[in-house]
Each structure stands twice: as structure tokens, then as C-alpha cells.
Amino acid sequence: MTRFPLLGLCVLFLLTLTVAAQDETQALQSRTRPAPTATLNSGGLVLERYFTTLIQGQVGLLHLTGDNIQAARVLFRGREYPFMALDGDGYYALVVADIDAQVRDYPLSVLAQTDTATLITFEMLVTIETAGFLRLNFDIPPNLAYLIDPQIERNEYARLDAIIQDIVPERFWDESGFTLSIEAPDTSGFGQYRILNQTVLVRHTGWDQSAPSGTSVRAMASGEVAFVGQLDIRGNYIIINHGWGVYTGYAHLSQINVERGQTISAGQIIGGVGNSGRSIGSHLHWEVAVNGEWVDGRLFPDLWLP
Ligand SMILES: [Zn+2]
């Protein structure tokens, strides 16, 4: 008879322990290396995969280790991704399921050159899953309606693409990794199809957070300022280069506190929230690009990075 209440207590105690352990895991998740989801061996090299499937807009991490690696690259969806060397920790590559990727399985190849003449290869299939992007109507007021011209949109993306395609082999972010720039409610998500004034279809490559004008905008990670300036759609805009092909952008600012080329620490105030450009209310539009593609910035800080 008395064994049952005791058993109950033991179960309760175990449950409490489990919950405590989970909380700790969550708190440390971003900075503690998770177990790889798959480990492959080929020609004396080891490839670790840190993702299973990829959602449209999601980034996946690959880790290659072994002796005498001279160079390595990933081929995925017709694109080539570089592996970046990290002192004493092999090579890392960030692969992207881009916003427009069709939902299906894709072959992914890793090609590595060691000091022997043989090319070492790894082959796998990667499933891209739907992100379920929303389709929404947006009304742009008459005074800003000239900014829905598709040519202005194309020109602005072309200008930004020229910046985010520059992949530097140095890693500029530090042990604090990536965090959100401001704490404020989300008002609009990544990947949305937006029909402006019922005529022009555009994509939303970032996230919007509503905040009062002048709210401090902080760098999501340490890096180097790659662009500051005024753009038609994004208004006052900053791009920070975090190295390894990772960039963050901050739009519609009321003020800019940094200069191009400046070194930035994680969390440093770089500007203020505003309403400049094609904006209809004070908010921060922020966006993340990886290896030349706009990715879902909300998934990015959760990604474990070395
Ligand atoms: Zn936005």
C-alpha cells in the first residue's frame, strides 16, 4: 500500500529532473554543439550533417574533417558553396534552401581534395519542405505609390545582391553568435508574397518588427559594416558582413550611427528604428543573407554555428 505513494513521488521527482534538464538544454542550445544528424565517411574524411530536411529559407550546416584537406566545396541545386576553414576544427559549409526552391528531394554532393590526387566525394539527398508562405494584399499610400515600380525593386535587389555575393573566408562573429536586433512584436514574416495596391507582386525577404521611432537597433552579431546609405524601398539601410558569406541588413532607419568599413561588436547600437523608404509606420525590417541568398532570419539565430 505505501509503495504506491512512494512510486508516485519518485515519478514526480524524475519528471522534475527531466524538465530541469530540458530547460538547461534550451538555454545552452545555441552555443553547445549538437550531435550531428548524420555522419558519413569517405576516403579517410568525415562529413557531419547538422540538419535533416530544410524548410524554404533555411540554412543547413556541414562539417568536414580529416587530414590534409586542401580544398572542399558543396554542390547543391546548381550552386557551389565553399567550405570555410576553422583553426583546428576542420571545415564548415552553410547550404541554403532558397525562398523559391521547389519542394522535393535534391542531390547534394561534397567534393574534397586532399594532398593525394584523388577527389573524395560524399553524396546525399536533401529534402526541401514548404514554409507555407502567406499571400497578402498591401496598400501603399499615394505619396509612396511610385515606389511599387518593379524596376525600382529589381534595381535595389541588384545593388544588394552585388554586396551579399561577396563571400569572405574569415568568420567575424564571436562566441555570442547571432541574436535579434530589437525586442518588439513581429508584424510581418519572411517569404510573404505581397500584392502591392493590387497590381505588383513582391517577396518579403526579411522580418518586420513594430517599434517606436528612435528605438535602438543593435547589430545581430559582430562583423564589419559593408553598406550604409539611402535606398528607395529600404530607406536608410545598413548591411553588416559577418564573414563566411553571412550578412544582416537593417532597413527604414531614422538614423545611422556607423560608417562603411567600421568593425562592429555583437549588440552594438548601429542606428534607430524609423519609417524611411517604402514604409507606412515606424518599424524595423531586418533580413539575413547567406552565401548570396536571402534566408529566414528567424530560423538563423537558432542554428548552431561554430
Ligand atoms: Zn519588411
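We're numbering straight along the sequence, starting at 1.
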Peer 1: Verify the cluster assignment for Y50 and V288: are they in a single hydrophobic cluster under the rule of side-chain heavy atoms below 4.5 Å apart?
Peer 2: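 They do share one cluster, since a chain of ILVMFWY contacts under 4.5 Å joins Y50 to V288.
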Peer 1: Step by step, work out the side chain to side chain contact (heavy atoms under 4.5 Å, CB included) result for D139 and N197.
Peer 2: CA-CA 5 Å; D139 291 326; N197 295 356; 4.1 Å; yes
Peer 1: For D98 and R79, run salt bridge (Lys or Arg N to Asp or Glu O under 4.0 Å): C-alpha distance rounded to whole Å, both residues' side-chain angles, the deciding distance at 0.1 Å, then the answer.
Peer 2: CA-CA 11 Å; D98 58 81; R79 282 206 48 193; over 6 Å; no
Peer 1: Who else is in L136's hydrophobic cluster (ILVMFWY, side-chain heavy atoms under 4.5 Å, direct or via others)?
Peer 2: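 Reading the cluster by chain and number, L136 sits alongside L134, F138, I140, L144, Y146, L147, I148, I152, L196, V200, V202, I233, I280.
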Peer 1: Going from CZ on R234 to CH2 on W286, what distance comes out if it is rounded to the nearest 0.5 angstrom?
Peer 2: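 Rounded to the nearest 0.5 Å, the CZ-CH2 separation comes to 14.0 Å.
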Peer 1: Answer yes or no: are there more than 12 heavy-atom neighbours, outside E170 itself, under 6.0 Å from its atom CD?
Peer 2: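 Correct, the count exceeds 12.
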Peer 1: List the steps, then state whether side chain to side chain donor-acceptor pair (under 3.5 Å) holds for Q192 with R194.
Peer 2: CA-CA 6 Å; Q192 281 178 359; R194 290 177 162 185; 3.1 Å; yes
Peer 1: Please say whether the positively charged group of R218, taken as NZ for Lys or CZ for Arg, lies over the ring of F178, i.e. under 6.0 angstrom from the six-membered ring centre and within 45 degrees of the axis.
Peer 2: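 No, R218 and F178 do not form such a contact.
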Peer 1: I'd like to know if the side chain of T65 and the backbone of G90 have a donor-acceptor N/O pair within less than 3.5 Å.
Peer 2: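 No.
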Peer 1: State, yes or no, whether a side-chain contact exists between L64 and F122 at a heavy-atom distance under 4.5 Å.
Peer 2: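 Yes, close enough: below the 4.5 Å cut-off.
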Peer 1: Mind running side chain to side chain donor-acceptor pair (under 3.5 Å) on E123 and S109 for me, showing each step along the way?
Peer 2: CA-CA 5 Å; E123 304 286 344; S109 308; 2.8 Å; yes
Peer 1: Do the side chains of S276 and Q230 get nearer than 4.5 Å, heavy atoms only?
Peer 2: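 Contact flag for Q230/S276 side chains = no.
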Peer 1: Under the 3.5 angstrom rule, does the side chain of S42 hit a backbone N or O of T121 as a donor-acceptor pair?
Peer 2: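 Yes: the side chain of S42 pairs with the backbone of T121.
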Peer 1: Does N241 reach the main-chain N or O of G243 with its side chain, forming a donor-acceptor pair under 3.5 Å?
Peer 2: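 Yes: the side chain of N241 pairs with the backbone of G243.
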Peer 1: Quick check: are there more than 12 heavy atoms from other residues, nucleotides or ligands sitting under 6.0 Å from CD of Q70?
Peer 2: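 Result for CD/Q70: enclosed.
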Peer 1: Do I270 and V228 have side-chain heavy atoms sitting under 4.5 Å apart?
Peer 2: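 No. Closest side-chain heavy atoms not under 4.5 Å.
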Peer 1: Kindly write out the residues that satisfy ring pair (Phe, Tyr, Trp, His ring centres under 6.0 Å) with F190, not counting sequence neighbours, or none if the list is empty.
Peer 2: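 With neighbours one apart ignored, the set is F133.
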Peer 1: Spell out, yes or no, whether L40 and L111 are grouped together once hydrophobic residues are joined by side-chain heavy atoms under 4.5 Å, including indirect joins.
Peer 2: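 No: no chain of side-chain contacts under 4.5 Å links L40 to L111.
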Peer 1: Please check if Y81 and W304 belong to a single hydrophobic cluster, counting links between Ile, Leu, Val, Met, Phe, Trp and Tyr side chain heavy atoms closer than 4.5 Å.
Peer 2: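 Yes, Y81 and W304 fall within the same hydrophobic cluster.
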Peer 1: Would R203 and Y193 count as a cation-pi pair here, with the cationic atom under 6.0 angstrom from the ring centre and within 45° of the axis?
Peer 2: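 R203 over Y193 ring: yes.
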Peer 1: Mind checking whether R77 and I128 have side chains closer than 4.5 Å, heavy atoms only?
Peer 2: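 The answer is yes, as the side chains (C-beta and beyond) meet within the 4.5 Å cut-off.
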Peer 1: Each residue besides F172 in its hydrophobic cluster should be listed here, by chain and number; the cluster joins Ile, Leu, Val, Met, Phe, Trp and Tyr at side-chain heavy-atom distances under 4.5 Å.
Peer 2: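 F172 shares its hydrophobic cluster with V168.
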Peer 1: Show your working on salt bridge (Lys or Arg N to Asp or Glu O under 4.0 Å) between E156 and R278 and close with a plain yes or no.
Peer 2: CA-CA 12 Å; E156 188 160 310; R278 197 176 68 195; over 6 Å; no
Peer 1: What's the separation between atom CE in M84 and atom CG in N291, rounded to the nearest 0.5 Å?
Peer 2: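 Interatomic distance, M84 CE to N291 CG, rounded to 0.5 Å: 6.0 Å.
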Peer 1: Is there a side-chain contact between L86 and W244, using heavy atoms and a 4.5 Å cut-off?
Peer 2: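 They are in side-chain contact.
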Peer 1: In this structure, which one of V59, T127, V126, L299 forms a side chain to side chain contact (heavy atoms under 4.5 Å, CB included) with L54?
Peer 2: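 For L54, the side chain to side chain contact (heavy atoms under 4.5 Å, CB included) test succeeds with only one of V59, T127, V126, L299, which is V126.
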Peer 1: Please answer whether the main-chain N or O of P212 pairs with a side-chain N or O of T215 as donor and acceptor at a distance below 3.5 Å.
Peer 2: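 Yes.
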Peer 1: Does the side chain of R135 reach to within under 4.5 Å of the side chain of I195, using non-hydrogen atoms?
Peer 2: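 R135 vs I195: side chains touch.
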Peer 1: If we only count heavy atoms from C-beta on, is the H204 to H285 side-chain gap below 4.5 Å?
Peer 2: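 Answer yes - side chains close enough.
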Peer 1: Would L75 end up clustered with Y92 when hydrophobic side chains under 4.5 Å apart are linked, directly or stepwise?
Peer 2: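 Result: no, two separate clusters.
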